[in-house]
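None of the values given here were measured: they were computed from a predicted structure. One-based numbering, in listed order, for ligands and for the atoms of each.
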Amino acid sequence: MAEEQINGVIITFFSTASAVGKTLISINMASELAREGYSVCLADFDLQFGDIRNYLRLNPEYTITDLCDRIKADSGSSLMPMLTTYAYEGVAFQVIPNPNKLEEAYNLSPETIIDVLKNLRMQYDYIIVDTTSMFSVLNLALLDISTIVTFLGIVDFIPTIKNMKIGNETLRTLNYDSNKIRLVLNRSDSKTHIQLKDVVSILGEDFYHILHNDFISASESIASGIPLVLNGQDSELTQELRALVARYTNKGYQTTETQKKNSWLSKIFR
Ligand SMILES: Nc1ncnc2c1ncn2[C@@H]1O[C@H](COP(=O)(O)OP(=O)(O)OP(=O)(O)O)[C@@H](O)[C@H]1O
Ligand SMILES: [Mg+2]
């Protein structure tokens, strides 16, 4: 029997600073969507220093390197059997792990990675993508193909806020629908002398969603390999993560042909 084909929603987590919570939040979004019964694929496209395999205690047989090799050999082949399953108490989703060795990342072309995503989006309701903190060719391609981009920020030091502002302004130049980019603040009440209202004023817009600082819950979740939304401890951070997912699932949004034509990446490769 032929597999059912769908046009899955791609949600990418992006930032202009490291350690802002891209991996922690993308894992929890994948887990919460899976808990709600959606079919979910979580992609670790922090190719060199990916953390998903560590945060979820995975021991993958195949990685994105193998998926790229497979799709180059046969663009129509089913990649699902090559994904790694994460399962906890009846909730399961599939993972595309980052390469086993850092140097493999140099041989993966953005175009082939996008082909992998295009193949898999026909089989999953949601694909959650974890990235790195730079406007690389791969990340630009991921931003283009995404249905929703979560631009994550934290308020700690002045350079971080400066980079957040540059990143946010750059994202706005990409001609995406304004609803595609969601500015989310993580660790909102972590210790800093910088006021949230000043950051909002610098950015020129409010945050779409705010997640609080909860170092103990976040650390315990990573140490145990069990995502916050699955570990049964209904902390404030867990509730805010669930609320973020609820907002995303209520507001489906598809990239239009016009936006694809105007994309920054298409201009670079023209
Ligand atoms: N809301 C939060 N409260 C407290 N700690 C948090 C929160 N979100 C993330 N952290 C912690 O911040 C650290 C960095 O998180 P994470 O690895 O998800 O960030 P990242 O943006 O993926 O980093 P990188 O750019 O290095 O990949 C982790 O130790 C995590 O436990
Ligand atoms: Mg990360």
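Of all atoms in ligand 1, numbered sequentially from 1 with element shown, those under 4.0 Å from a heavy atom of Ser18 are 25 (O). Counting atoms of ligand 1 from 1 in the listed order, those under 4.0 Å from a heavy atom of Gly21 are 9 (C), 15 (O), 16 (P), 18 (O), 19 (O), 20 (P), 21 (O). Every atom of ligand 1 with a heavy atom of Val20 under 4.0 Å away is listed here by number and element: 19 (O), 20 (P), 21 (O). Applying the 4.0 Å criterion to heavy atoms of Ile222 picks out, from ligand 1, the atoms 28 (C), 30 (C), 31 (O). In summary, the atoms of ligand 1 found under 4.0 Å from a heavy atom of Asp46, numbered by their order in the structure, are 27 (O).
Under the 4.5 Å side-chain heavy-atom criterion for grouping Ile, Leu, Val, Met, Phe, Trp and Tyr, Ile64 is not connected to Leu102 through any hydrophobic cluster.
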Let's go through Thr160 and Asp156 carefully: what are the C-alpha distance in whole Å and the side-chain angles of both, what is the deciding distance for side-chain hydrogen bond (donor to acceptor under 3.5 Å, both in side chains) to 0.1 Å, and is it a yes or a no?
CA-CA 7 Å; Thr160 314; Asp156 55 1; 2.7 Å; yes
Determine, stepwise, if the pair Asn119 / Arg70 fulfils side-chain hydrogen bond (donor to acceptor under 3.5 Å, both in side chains).
CA-CA 11 Å; Asn119 176 300; Arg70 173 68 64 87; over 6 Å; no
Residue pair Ser109, Thr112: steps toward the side-chain hydrogen bond (donor to acceptor under 3.5 Å, both in side chains) verdict
CA-CA 5 Å; Ser109 84; Thr112 313; 2.7 Å; yes
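Residue contacts with ligand 1 for Leu152 are absent, since no atom lies close enough (heavy atoms, distance under 4.0 Å). Contacts between Tyr55 and ligand 1 below 4.0 angstrom, taking non-hydrogen atoms only, involve the side chain exclusively. Both the backbone and the side chain of Asn213 come within 4.0 Å of ligand 1, judged by heavy-atom distances. In Asp130, neither the side chain nor the backbone holds a heavy atom less than 4.0 Å from any atom of ligand 1. Here Asn186 has side-chain heavy atoms under 4.0 Å from ligand 1, and that is the only part of it that gets that close. If you look at Ile25 next to ligand 1, there are no close heavy atoms at all, none under 4.0 Å.
Salt bridge absent: Glu104 and Lys101 never bring a charged side-chain N and a carboxylate O closer than 4.0 Å.
The side-chain heavy atoms of Ile166 and Met164, taken from C-beta on, include no pair separated by under 4.5 Å.
A distance-only check finds no donor-acceptor pair linking the side chain of Lys165 to the backbone of Val199 [under 3.5 Å]. Between the Ser77 side chain and the Asp74 main chain, a donor and an acceptor come within less than 3.5 Å of each other. Between the side chain of Asp189 and the backbone N or O of Asn213 there is at least one donor-acceptor pair closer than 3.5 Å. Listed for the Asn139 side chain is a donor-acceptor partner under 3.5 Å among the backbone atoms of Thr132.
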Going by atom type alone, with no hydrogens or angles, which donor-acceptor pairs under 3.5 Å involve a side-chain atom of residues 85-94 and a protein atom two or more places apart or on another chain?
{"unit_1": "Thr85", "atom_1": "OG1", "unit_2": "Gln94", "atom_2": "OE1", "d": "3.0"}
{"unit_1": "Thr85", "atom_1": "OG1", "unit_2": "Gln94", "atom_2": "NE2", "d": "3.4"}
{"unit_1": "Tyr86", "atom_1": "OH", "unit_2": "Gly225", "atom_2": "O", "d": "2.9"}

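The two residues Leu241 and Leu211 have their closest heavy-atom pair at N-CD2, 3.8 Å. Shortest non-hydrogen contact noted between Ser133 and Lys22 is OG-NZ, 3.1 Å.
For ligand 1, the polar-atom distance check finds no N/O of Ala17 at less than 3.5 Å from any of the ligand's N/O atoms. At a 3.5 angstrom cut-off on N or O pairs, Leu211 does not count as close to ligand 1. Below 3.5 Å of separation, one finds an N or O of Lys22 facing an N or O of ligand 1.
The closest approach between Ala19 and ligand 1 falls below 4.0 Å for a heavy atom of the residue.
Aromatic ring orientation, Tyr248 versus Tyr208: tilted (interplanar angle from 30° to 60°).
Among all protein heavy atoms, the one lying closest to atom 22 (O) of ligand 1 is Thr23 OG1, 2.8 Å. At the top of the distance list for atom 3 (N) of ligand 1, counting protein heavy atoms only, stands Asp214 N, 2.8 Å.
Of the candidates Glu236, Arg187, His212, Arg187 brings a heavy atom nearest to atom 5 (N) of ligand 1.
Within the protein, the N, O or S atoms sitting under 2.8 Å from the Mg ion (ligand 2) are Thr23 OG1.
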